[in-house]
There are 2 protein chains.
Amino acid sequence: MVRTQRASQDIPDIVVSRLPLYLQALTSLQEQGMAVIKSHELAAVVQATPAQIRKDFSYFGKFGKQGMGYSVERLLSEIRLILGLDRTWNLAIVGLGRVGRALVSYRGFLHQGFHIVAAFDQSPKVIGKKVGRLVVQDMAYLQEALKTQGVDIGVVAVPVAEAQKVVNQLVQCGIKGILNYAPTTPQVPPGVQLRTVDPVPSLQSMTFYLKEASTAKVRAKRRSRPKGRAFP
Amino acid sequence: MVRTQRASQDIPDIVVSRLPLYLQALTSLQEQGMAVIKSHELAAVVQATPAQIRKDFSYFGKFGKQGMGYSVERLLSEIRLILGLDRTWNLAIVGLGRVGRALVSYRGFLHQGFHIVAAFDQSPKVIGKKVGRLVVQDMAYLQEALKTQGVDIGVVAVPVAEAQKVVNQLVQCGIKGILNYAPTTPQVPPGVQLRTVDPVPSLQSMTFYLKEASTAKVRAKRRSRPKGRAFP
DNA sequence: GCTTGTGAAGACCTTCACAGCA
DNA sequence: TGCTGTGAAGGTCTTCACAAGC
């Protein structure tokens, strides 16, 4: 087997986590009509350094031309391919309380190729009801339905107290990717990808700095900002 | 002035970003009746190493007892103090589309001391209407209302195309903390804290690994998991 | 000229390993 | 004995700086 790309084991997780941000910025730049971009330009938009941009891309190949920069279209298609976004991914939502229902109607998923194809809850009050285009199914049919519908990723939108149980059930069903909206850190076995989405920790780390700024004189933070960034 | 704590400049951002997770875990453990905890126990819950837990705490003081561990209550109150959570913080939401309305009714904020006290939109269709307990105000009154209501943090829930403009307006009004729900990376001047909440980049970095797992044999990832973690 | 791609250097963070103390 | 707190070591990521090439 010919290996044209570096093995994923050699690529730092942090590099992978930046690729979606490049994708986001490049998509927007392409819509604005930009066809070619230089590392320092992309760096300004995503608030990184030109060296970091070039180094990150270099893990996957040589996408640029010396003296010229990168083709935006080429970069977009390379990054999509690297991330596995050259296909759609099917999601199932577990838990249709406030958060779950909001997620079903959230358009951000669909536009990026993430299709919500199933919804589950344990409450008889919700089972059988429609939420958006979906009929809420009983958790008892989880395994069967996940297989039938070809679900790749489970979205956990249940209360904290039930999050671990639901995560275990999804793992049991063979799900390898979980997006968790419960404000907790569930345990998952090796090989299962878990991402927790919770605005509260973000706010709580923010207040650390806001507090400092209001009690002490605001001083330049160490490494507070990459060089060369521009704020209009 | 006596300085009992290390200057915030000397504390790595990454350490600050972990404190909310410790808080989350400790709160849950306290509810379960745990009064004392050892670094390796907390490490198991948050999926870190005992050394990291101890090192992180050591930036702020000596909270433990040799041979004993840490008092959960003491830790909770120290971390809350460090993060500035010994008070409530006032939020204002800008943009009352689907996301904004979902956020107004989200209870996770209130329970953690983040009070949504104002809501703004630019659309005449929404201005004056009630969303939850709040009457949606015109963006024209932004500066005045933010001052009057003592708003600390702005929550941006507008479409991508307007996000930078709204961020600029908030910054102009003297807001130092912004929680951004638009799928973009707005520019902010130094001294303004920005956190972007977007599930899509999380999903997109997840698919990188899911793709690998399905196309290649799943191999143990380098540094995939801290030592000593336990999965039940 | 200008910009990429990349080894090497440097900065930063994590982990080790043990002194110190309950 | 057991566990914390912490310098020191080790490892990873970022940045530098320049050769290569358009």
Side-chain angles (χ1 to χ4, degrees), chain A residues 4-6 8-19 21-22 26 34-44 46-72 74-75 78-79 205 221-229, chain B residues 4-6 8-19 21-22 26 34-44 46-72 74-75 78-79 205 221-229:
Chain A
T4 56
Q5 279 189 187
R6 194 179 283 246
S8 73
Q9 287 77 8
D10 297 343
I11 296 165
D13 293 350
I14 197 160
V15 170
V16 175
S17 74
R18 280 193 293 259
L19 296 182
L21 303 182
Y22 300 155
L26 290 166
M34 184 171 266
V36 172
I37 194 166
K38 286 153 200 136
S39 62
H40 74 91
E41 294 171 325
L42 182 54
V46 300
Q47 292 164 47
T49 62
Q52 181 164 82
I53 303 276
R54 296 200 301 273
K55 189 68 140 183
D56 282 358
F57 290 163
S58 79
Y59 281 102
F60 304 99
K62 303 183 182 192
F63 305 145
K65 279 201 178 67
Q66 282 102 328
M68 301 297 290
Y70 301 86
S71 152
V72 173
R74 165 95 192 276
L75 269 188
E78 293 286 359
I79 297 175
S205 69
K221 271 203 79 225
R222 178 194 51 158
R223 219 193 40 157
S224 66
R225 196 161 287 286
K227 292 179 204 167
R229 82 168 266 290
Chain B
T4 56
Q5 278 189 189
R6 193 179 286 245
S8 72
Q9 288 74 11
D10 297 344
I11 296 165
D13 293 350
I14 198 160
V15 171
V16 175
S17 74
R18 280 193 293 259
L19 297 181
L21 303 181
Y22 300 155
L26 290 165
M34 184 171 267
V36 172
I37 194 166
K38 287 154 199 133
S39 61
H40 73 90
E41 294 171 326
L42 183 53
V46 301
Q47 292 164 49
T49 62
Q52 181 164 79
I53 303 277
R54 297 200 301 273
K55 188 69 141 183
D56 282 358
F57 290 162
S58 78
Y59 282 102
F60 304 100
K62 302 182 183 192
F63 305 145
K65 281 201 177 65
Q66 282 102 329
M68 303 297 290
Y70 302 86
S71 152
V72 173
R74 166 94 192 276
L75 269 189
E78 294 284 359
I79 297 174
S205 69
K221 269 202 79 233
R222 179 194 52 160
R223 220 191 38 157
S224 66
R225 195 161 288 285
K227 293 178 202 169
R229 80 170 267 291

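Sequence lines set the chain letters: A, B, ... in the order given, protein chains first and strands last, and positions in each chain run from 1. Computed from a predicted structure; not experimentally measured.
Regarding A:Leu42, its CG atom lies at a distance of 14 Å from the C1' atom of C:dT3, rounded to whole Å. If you take OH of A:Tyr59 and P of C:dG7, they are 11 Å apart, rounded to a whole angstrom. Distance CZ (A:Arg74) to C1' (C:dT4): 13 Å, rounded to an integer number of Å. Atom CD1 in A:Ile14 sits about 10 Å away from atom C1' in D:dT14, given to the nearest Å. In this structure, A:Asp10 places its CG atom 16 Å from P of D:dG11, rounding to the nearest Å. Regarding A:Lys55, its NZ atom lies at a distance of 10 Å from the C1' atom of D:dC13, rounded to whole Å. When rounded to the nearest whole Å, the span between CZ of A:Phe60 and P of C:dT4 equals 18 Å. The nearest whole Å value for the distance from the CG atom in B:Asp13 to the P atom in D:dT14 is 13 Å.
The backbone N or O of A:Lys38 lies less than 3.5 Å from a partner atom in the side chain of A:Glu41, making a donor-acceptor pair.
For the atom pair B:Leu42 CG and B:Ile53 CD1, the distance stands at 4.0 Å (nearest 0.5 Å).
Between A:Gln66 and D:dA20 there is no side-chain polar atom (N or O) within less than 4.0 angstrom of OP1 or OP2. At the phosphate of D:dG2, neither OP1 nor OP2 sits under 4.0 Å from any side-chain N or O atom of B:Arg54. For C:dT14, the OP1/OP2 oxygens have a side-chain nitrogen or oxygen of B:Arg18 closer than 4.0 Å. Put simply, B:Thr49 has a side-chain N or O that comes within less than 4.0 Å of OP1 or OP2 on C:dT15. Put simply, A:Ser39 has no side-chain N or O that comes within less than 4.0 Å of OP1 or OP2 on C:dT3.
In this structure, A:Tyr70 reaches the sugar-phosphate backbone alone: every heavy-atom distance under 4.0 Å involves primed, P, OP1 or OP2 atoms, never a base. Residue contacts for A:Phe63: at a heavy-atom cut-off of 4.0 Å it reaches the sugar-phosphate backbone alone, with no base atom in range.
Judged by closest nucleotide on DNA chain D, B:Phe57 is the one of A:Met68 and B:Phe57 placed further toward the 5' end. Heavy-atom distances to DNA chain D give each of A:Gly67 and B:Gly61 a nearest nucleotide, and the one nearer the 5′ end belongs to B:Gly61.
Counting only heavy atoms from C-beta outward, the side chains of A:Pro50 and A:Arg54 approach each other to under 4.5 Å. Side-chain atoms of A:Phe60 and A:Leu19, non-hydrogen and from C-beta on, do get closer than 4.5 Å to each other.
Listed candidates were C:dT3, C:dG5, C:dC13. Nearest to the side chain of A:Lys38 is C:dT3.
Ring geometry for A:Tyr22 versus A:Phe57: interplanar angle over 60°, hence perpendicular rather than tilted (30 to 60°).
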